[in-house]
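See below for the structure under consideration.
Being a predicted model, the structure only gives us computed values, none of them experimental.
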Amino acid sequence: MIHRILTSTFCAIFAIAAMAQSEATDSIKTQELNEVVVQADRMFMTVNKVSYTPTRQQRNASANGTMLLQQLAIPQLAVDVLKSSVTMNTGEPVAFFIDGVPATENDVADMNTRDVVRVEVLDYPTDPKFRNSAHVVNFIMQKYEYGGYTKLNTTEMFLSCFSSYNTLNSKMVSKKMTFDARAYYQYTNSSHKGTNEIQLFRLLGYDDVAPDGISRTSIRDNSKYIFNRPSASFRALYQGNNTQFSSTLNWSYEGNRTDRRSGTLQYTPNLFDADRWKTNSPSRKNNVSWANEFFRSLPNDWALSASFQLSFDHINQTQVKSESDITIRNLTAKEDIWGTESEIDISKSFNDKNDISVECFVNTYESRIDYMGSTFSNNNTSQLLVAPGVAYTFSPSGKLFSRLGMYATYYRSKTSGVEESKLYPTVNFNINWMPAHGHRLGALFNYSIDTPTGSQTNAVLLQTDLLKWSQGNPNLRSYHTMSAQLSYTWNPSQYVNISPIATWIYKHNYYADTYTLMEDGKGILVKPENCGNYHNFWGAINFSAYAFNRKLVMQGRPTMSYHKFTGEFEKSYTSLFATLNATYYMGQFYFGASYSTPKTNFNQADPIKRKTKSQYWIMAGWGNSSWTVSAFLINPLRSHWRSDMMMIDTPYYSMNTTTIGVNDHIRINLTVAYTFGYGKKVQRGNDLQETSGSASSIR
């Protein structure tokens, strides 16, 4: 059924696009000069770059850079406008730049989209400004000689809960200096958060009274979640003819002021006097960070870039769990985290065909956790990663581009007195070939090592319920990851883009949570272990089409994925899913719709099977040179609060969990943005970033 729907839809898309091609001229502007017509295409592709020029309607319709990327329907990107996430259509992360200056997702959210001249998507760019990044989205902006703009943005969520996201940021340019100031506040108040869970325990310690196992059914019937997050940032950026330097100071606070849940409980057979459960997990997190970026263009086509970031987090968390009158856990955890990230890169370009860069990346992480209450203990974790390497690019013509990067990575970890150190190679190879205009073939290979997080190696033993405990594993070992990919991009015209992809991912001796018996056989221990190999083969076809002089933009993506686990979890599964969306512009108004089919798959090497529901929304908005207003009606026919399902079946333990939340309930997202500018447009930099701090190791 899905296949027939997708086939019919895409046939209609191409028919509309073909019809529109004969009716409309795809150009930014056509100017007649002495009978010579000058015409600029809105999409242009080279061997490792694709450039898109947004229309005025698309710029005015976008409250932020993510919305602009979504409205451009760039087939090389996967954009989720509701989550404000952007990745390559391969799933790989992208590095944002604005006018060649490093940027973050928050910089993209804060930008004045009216100033966007062009958007570039680059694969392994050789320009040293891009700091040897693998995949880049670079926004080319109108520039300011002096002055800048101030932007106020608010997004409100209704019907499912009340959630408010508010930003005030200002940019001021004075000659070669740019100053950014940003204030942000988020508030969420929800009464629908938690899980409904059915568990089956096959415990040898209870074999005499429960030979068929013990089932535990917990149903959430009450919850309250109140979250607030203020933050503030300031940055100074210098942009000279050959030099860029920026320094950013950021503070943020995250407060789960209230996070309590409760519900009914049933054990079968009834071995415990427990018919209710409740949890309470308030937390506070303060983060301070200082980030610096430096770039210098040197004589004879040499270039130097460097970055350094220092961050500190202080976290307080309370964990209280009980079943009827039985206290399962009553803990207070305090954690201090220090983290640094440093990188230096020296590059040289030879005769426009050969480029070489030498770089070194250093990352440090120090965490100390003190537990008080039902468990008194402390856990210290330290990690060091040093990755020197060299990358060579060979581009003999405009039709062939290749890049080889080789790195010798040293990793050292110490947690709970257990040390691991390892020296291993990291290799990535990319080649693109354009046999003809409008056709591009690409191949990619990566080899690397995945390392465990602090929470996965934290050895503290914590009770989850009357029959289950969890513990990190300080003996967990990093594992090898390989991936290979083939891609093809075909632009038969400026109105149609087709981009199929085929990908293979392999993880050797991956780690995942395992479910084994406690020593007395009367409980389940959940503990990460290195437990086998994982294969994932997936393919997708990305379609984009434009019609009616680009007033109608359509995009689709059918995907098939095959997962196979060996070792501890012997299983395989094939899934098929797809996404369709369209936007239509009518003067200053615009309308859109999107539909994603349900999906059942695995989150990479996590053996828990996940089932997601379909997602659909309709959108309407209005925008001019200063204001943007958009409203999303999401899942309008869905009144229940059930969301994703998670399932796993092992010899001693089985679980079927349904998430209760707001994501799959009917809701309205209303966004209003107002931007006013001042000064003379000739020079611009990028906006200010907001950081969220380091990942906690608290379990």
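T457 places no side-chain N or O within donor-acceptor distance of the main-chain N or O of N473, the cut-off being under 3.5 Å. Not one N or O on the side chain of N458 forms a donor-acceptor pair closer than 3.5 Å with the backbone of G472. The backbone N or O of S478 lies less than 3.5 Å from no partner atom in the side chain of D450, so there is not a single donor-acceptor pair. A donor-acceptor contact shorter than 3.5 Å links the side chain of Y534 to the backbone of Q604. Using a distance-only test at 3.5 Å, with no hydrogens or angles considered, no donor-acceptor pair links the side chain of N432 to the main chain of F401.
Q383 and P452 get closest at one heavy-atom pair: NE2-O, 3.3 Å. Between S421 and Y410, the shortest heavy-atom contact is CB-OH, 3.9 Å. For the residue pair N48 and P125, the shortest heavy atom distance occurs at ND2-CA, 4.0 Å.
Taking the six-membered ring where the residue is Trp, F537 and H535 present parallel rings, their angle staying beneath 30° rather than reaching 60°.
A cation-pi arrangement is found for K522 relative to Y206, the charged atom lying closer than 6.0 Å to the ring centre and inside a 45° cone about the ring normal.
Using a cutoff of 4.0 Å between basic side-chain nitrogens and carboxylate oxygens, D336 and K334 are not scored as salt-bridged. Of the charged side-chain nitrogens involved, none lies within less than 4.0 Å of a carboxylate oxygen, so that D313 and R284 do not count as a salt-bridged pair.
The aromatic ring centroids of Y653 and F201 lie less than 6.0 Å from each other. Taking the six-membered ring wherever Trp is involved, the centroid distance between the rings of F565 and F602 falls below 6.0 Å.
In summary, the side chains of N354 and Y392 do present a donor paired with an acceptor at a separation below 3.5 Å, with no hydrogens or angles considered.
For M645, the CE atom is densely surrounded, since the number of other residues' heavy atoms within 6.0 Å is greater than 12.
Residues passing the salt bridge (charged side-chain N to carboxylate O under 4.0 Å, His left out) test with E105, sequence neighbours excluded: none.
Considering K468, K278, R216 in turn, R216 is the only one that fulfils the salt bridge (Lys or Arg N to Asp or Glu O under 4.0 Å) rule with E323.
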